[in-house]
Amino acid sequence: MDLNQSTPILADGAMGTLLYTTLGLTGQPCFEALNLTHPDAVAGIHTAYLQAGAQLIKTNSFGASRTRLAAYGLAD
């Protein structure tokens, strides 16, 4: 990828939705913890995005702050 390109790169925030459907989740799971408990699913979703032509992949850590993770007993 040329970082000096003039064409914008668009981003999609569907990681949570894809994790829900891929893993059959219910309720309000801690998506950030899934990086540790289901790394193959997270990597598989990222791989599918790349195979579809994505030029940008972000980590699944949007809510990974001490305050947010405390609700799941993961603040430390």
Side-chain angles (χ1 to χ4, degrees):
M1 174 170 55
D2 180 4
L3 296 178
N4 295 316
Q5 69 185 24
S6 61
T7 305
I9 295 176
L10 304 175
D12 182 338
M15 189 67 177
T17 302
L18 290 172
L19 285 167
Y20 255 102
T21 57
T22 300
L23 297 173
L25 301 174
T26 60
Q28 292 184 311
C30 180
F31 290 110
E32 294 74 23
L34 296 175
N35 294 323
L36 300 174
T37 61
H38 294 83
D40 291 340
V42 173
I45 292 168
H46 285 161
T47 299
Y49 268 115
L50 291 170
Q51 290 173 343
Q55 295 178 309
L56 171 73
I57 299 291
K58 285 187 67 175
T59 62
N60 178 38
S61 59
F62 178 76
S65 69
R66 182 174 292 260
T67 303
R68 170 112 186 237
L69 293 174
Y72 300 96
L74 301 170
D76 291 334

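Residue numbers start at 1 and run along the sequence shown.
- Hydrophobic clustering of Ile, Leu, Val, Met, Phe, Trp and Tyr side chains at less than 4.5 Å, counting indirect connections, keeps M15 apart from L69.
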ask   = Does the pair Y49 and L18 meet the rule for a side-chain contact (heavy atoms from CB on, under 4.5 Å), with working shown?
value = CA-CA 11 Å; Y49 268 115; L18 290 172; 3.5 Å; yes

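- One hydrophobic cluster, built from ILVMFWY side chains closer than 4.5 Å, holds both L34 and I57.
- Between the side chain of S61 and the backbone N or O of A64 there is no donor-acceptor pair closer than 3.5 Å.
- Note that the CZ atom of R66 and the CG atom of D76 stand 5.5 Å from one another [nearest 0.5 Å].
- Pairs engaging residues 27-46 under the ring-ring contact (aromatic ring centres under 6.0 Å, His included) rule: Y20-F31 [sequence neighbours left out].
- Of all non-hydrogen atoms in L25 and P29, the two that sit nearest each other are CD1-CG, 3.8 Å.
- Note that CD1 of I45 is 12.5 Å distant from CG of L50, once rounded to the nearest 0.5 Å.
- Looking at residues two or more places apart in sequence or on another chain, you find no salt bridge (Lys or Arg N to Asp or Glu O under 4.0 Å) involving D40.
- The side-chain heavy atoms of N60 and L19, taken from C-beta on, include a pair separated by under 4.5 Å.
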